[in-house]
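Each ligand, and each atom within it, is numbered from 1 in the order the structure gives.
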Amino acid sequence: MNDFVFHNPDRVHFGKKCLKELPNELLKLGKKVLLVYGGGSIKRNGLYDEVCTLIKDNGMELFELSGVEPNPRHTTANKGAQICKKEGIDVVLAVGGGSTIDCSKGIAAAAVTDDLDVWPLVSGGVWVTKALPVVAVLTNAATGSEMDAWAVISNMETNEKIGLGGSALIPRAAFENPEWTYTLPHYQTACGAFDIFNHVLDNYYLAGDATFDLLLDMQEAVMRTVVKWAPVALKDPKNYEARANLMWASSMALNGILDGGTVHFCVCHMMEHELSAYYDITHGHGLAIIAPRWLEYILDENTAPAICRLGVKVFGIDAALDSMTGAKKTIEALENFCFNTLGLQSNLSDLGIDDKHIDDMVSHCCGGRNVPGIKTLTPDDIEKIYRMCL
Ligand code: NZQ
Ligand code: ZN
């Protein structure tokens with residue numbers, strides 16, 4: 001187990017009545033609030049009215065930026081940064097899913113720069129230590145952005161989708177009422193669920209030789225939670241327990257607790273961000289197509305025991321099986337979960353993706369270097385995995 005520092009300053013308000021604390025959290029940060037949201041789901045489900053009323057009734061001044069895209073663009077973040085500068089905004093309030101929260105983080109970071117442009121920060125890999133404060137009202141259980149230090153921003157002109165990180169990007173407060181996710185479409189529920197699962201899976205094997213059992217057990221608990229509750233939420237979208245378990249699993253998967261003593265490295269995520277950058281697909285769906293193929297590709301005598309452990313602990317595979325047989329059954333179970341239980345289409349061709357951009361995606365993903373992980377992958381390996389997904 002490696003040494004580590006854990007610090008997460010985000011105050012999470014969780015549950016049916018949590019929004020009543022929103023004015024208190026905002027007023028700690030200032031009175032001029034920029035409300036950021038997406039394509040209108042919050043207007044349709046009533047959350048928009050509720051938030052606006054709370055802000056206005058408590059003496060705050062409200063400004064708005066709507067229309068944040070799924071896979072949020074740097075240009076939208078820059079628009080928000082300009083509003084912040086012009087109006088002297090004190091706090092950026094994201095109400096939505098990961099895209100809205102990420103865009104808000106991009107706004108918050110760009111707003112304190114001279115040129116009000118987020119892209120040099122993103123493309124320059126700048127670790128953001130100065131930004132306007134962000135508060136998140138979460139409507140989708142998926143990305144973990146509500147509690148983490150990351151924002152993923154896309155530049156569609158250059159086909160780049162890159163993570164912007166920084167301690168200043170962790171929301172100061174997050175609000176999580178599982179009822180807000182009742183209106184999520186079936187597809188977004190499925191994609192979000194797999195995103196949560198994959199945040200842990202991408203990190204799982206990097207814990208090394210299992211000397212840190214606490215960490216592995218916690219990681220497995222999050223993945224088991226997704227496997228248990230996602231099908232319930234899909235069948236019964238207003239099942240509070242299912243939505244609540246998924247929502248908290250979303251936050252737990254990336255809030256830093258599961259990184260303790262290990263290295264966070266995300267091969268499936270690196271590969272998926274290239275797919276979104278070129279084809280603007282839904283993040284969790286791309287991951288569901290890649291993850292089983294990645295496991296299949298890396299399976300050998302060395303990796304079989306770890307893959308088998310995943311099957312035993314998360315999918316209930318028979319622990320008495322030899323590790324190679326158990327690992328193969330694990331991959332079958334994962335495919336069954338992604339493509340039958342969650343109902344996601346299994347190939348890139350189903351999303352209209354062919355091999356046209358594979359060379360570029362490999363080169364962006366690897367940057368000419370090998371990708372570390374339970375098994376180190378060369379650019380050639382990454383290309384083969386993409387081809388297995390076609
Ligand atoms: O835009 P609106 O109208 O709000 O509709 C959204 C959008 O169409 C809709 N939606 C969200 N909550 C809803 C709802 N519809 C009805 N009822 C609700 N309660 O769902 C659609 C997708 O929303 P989006 O925010 O794009 O989804 P998600 O939360 O999955 O976020 C995806 C983005 O986050 C990035 C992804 O790459 C992608 O760009 N990620 C961010 C991470 C981070 N910050 O740490 C890590 C992740 O690995 C991921 O990369
Ligand atoms: Zn993700």
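- The nearest protein atom to atom 45 (O) of ligand 1, hydrogens excluded, is given as D148 OD2, 2.4 Å; this is a heavy-atom distance.
- For atom 34 (O) of ligand 1, the nearest non-hydrogen atom from the set N45, L287, T143, L184 comes from T143.
- When side chains are defined from C-beta on, L342 counts as touching F337, because their heavy atoms get closer than 4.5 Å.
- Counting only heavy atoms, the protein never gets under 4.0 Å from atom 9 (C) of ligand 1.
- Under 4.0 Å from ligand 1, the heavy atoms of D195 that appear belong solely to its side chain.
- Heavy atoms of H273 approach ligand 1 to within less than 4.0 angstrom.
- Remark: minimum distance from atom 26 (O) of ligand 1 to any protein heavy atom is reached at S99 OG, 2.5 Å.
- Between the side chain of T225 and the backbone N or O of A221 there is at least one donor-acceptor pair closer than 3.5 Å.
- Under the 4.0 angstrom criterion, atom 6 (C) of ligand 1 counts as lacking any protein heavy-atom contact.
- Those atoms of ligand 1 that come under 4.0 Å of a heavy atom in P72, given as number and element, are 39 (O).
- Residue contacts with ligand 1: E69 is excluded, as none of its non-hydrogen atoms falls under 4.0 Å.
- Across G38 and T100, no two heavy atoms sit closer than the pair N-OG1, 3.6 Å.
- Scanning the protein for heavy atoms near atom 15 (N) of ligand 1, the closest one is S41 CB, 3.5 Å.
- Atom CD of E383 and atom OG1 of T378 lie 9.5 Å apart (nearest 0.5 Å).
- Relative ring orientation between H269 and H273 is described as perpendicular, the plane-to-plane angle rising above 60° on a 0-90° scale split at 30° and 60°.
- Considering both main-chain and side-chain atoms, V152 never comes within under 3.5 Å of ligand 1 through any nitrogen or oxygen pair.
- In A142, the part holding a heavy atom less than 4.0 Å from any atom of ligand 1 is the side chain.
- Within the 4.5 Å cutoff, the side chain of R73 has no heavy atoms near those of the K79 side chain.
- Taking the six-membered ring for Trp and the full ring otherwise, the centers of H357 and Y279 sit less than 6.0 Å from each other.
- At the top of the distance list for atom 11 (C) of ligand 1, counting protein heavy atoms only, stands T139 OG1, 3.7 Å.
- A110 and D117 make their closest contact through CB-C, 3.9 Å (heavy atoms, listed as atom of the first residue, atom of the second, distance).
- Considering backbone and side-chain N/O atoms, I42 never comes within less than 3.5 Å of an N/O atom of ligand 1.
- Residue G40 places a heavy atom less than 4.0 Å from ligand 1.
- The shortest heavy-atom distance from P185 to ligand 1 is under 4.0 Å.
- At a 3.5 angstrom cut-off on N or O pairs, T100 does not count as close to ligand 1.
- The shortest N or O to N or O distance between T183 and ligand 1 is under 3.5 Å.
- Contact check for C84 versus V92: side-chain heavy atoms found under the 4.5 Å cut-off.
- Listed by atom number, the atoms of ligand 1 under 4.0 Å from S145 heavy atoms are 44 (N).
- For the residue pair Y386/E274, the side-chain donor-acceptor check at 3.5 Å is not satisfied.
- The protein atom (non-hydrogen) at minimum distance from atom 20 (O) of ligand 1 is Q188 CG, 3.5 Å.
- Residue H199 approaches ligand 1 through these ligand atoms, each under 4.0 Å from one of its heavy atoms: 46 (C), 47 (C), 48 (O).
- Minimum interatomic distance between D115 and P120 (heavy atoms only, all atoms of both residues): OD2-CG, 4.2 Å.
- Aromatic ring pairs are classed by plane angle as parallel below 30°, tilted from 30° to 60° and perpendicular above 60°; the pair Y182 and Y240 is perpendicular.
- Shown here for F315 and V227, the closest heavy-atom pair between the two residues is CE2-CG2, 3.7 Å.
- Counting heavy atoms closer than 4.0 Å to ligand 1, residue S154 contributes nothing at all.
- Residue N71 has at least one heavy-atom neighbour below 4.0 Å for each of these atoms of ligand 1: 38 (C), 39 (O).
- Residues I101 and T143 form no side-chain contact, since every pair of their non-hydrogen atoms from C-beta on lies 4.5 Å or further apart.
- Here is the list of ligand 1 atoms found below 4.0 Å of a heavy atom in G38: 1 (O).
- Looking only at atom types and distance, the side chain of H13 has no donor-acceptor partner in the side chain of E21 under 3.5 Å away.
- The side chain to side chain contact (heavy atoms under 4.5 Å, CB included) check on S346 picks up R293, F339, D350, with sequence neighbours excluded.
- By the 4.5 Å heavy-atom criterion applied to side chains, L34 and L93 are not counted as neighbours.
- The two residues V152 and P72 have their closest heavy-atom pair at O-CG, 3.6 Å.
- The closest heavy-atom contact to atom 37 (O) of ligand 1, among the options K43, K161, H269, comes from K161.
- Looking at N140 next to ligand 1, an N or O pair under 3.5 Å apart turns up.
- Side-chain contact between L47 and V95 is present, with heavy atoms from C-beta onward closer than 4.5 Å.
- The H283 neighbourhood of ligand 1 comprises atoms 36 (C), 37 (O), 47 (C), 48 (O), 49 (C), 50 (O), with distances under 4.0 Å to a heavy atom of that residue.
- Note: W150 and W127 have perpendicular aromatic rings, judged against thresholds of 30 and 60 degrees for the angle between ring planes.
- Nearest-heavy-atom check against atom 19 (N) of ligand 1 across Y37, W150, Y48, W180 picks out W180.
- Between G144 and ligand 1, no pair of N/O atoms sits closer than 3.5 Å.
- Counting only distances under 2.8 Å, and ignoring water, the protein N, O or S atoms around the Zn ion (ligand 2) are D195 OD1, H199 NE2, H269 NE2, H283 NE2.
- Of the heavy atoms in D102, only side-chain atoms (C-beta onward) come closer than 4.0 Å to ligand 1.
- Closest of all the heavy-atom pairs between S276 and H283 is OG-CA, 4.4 Å.
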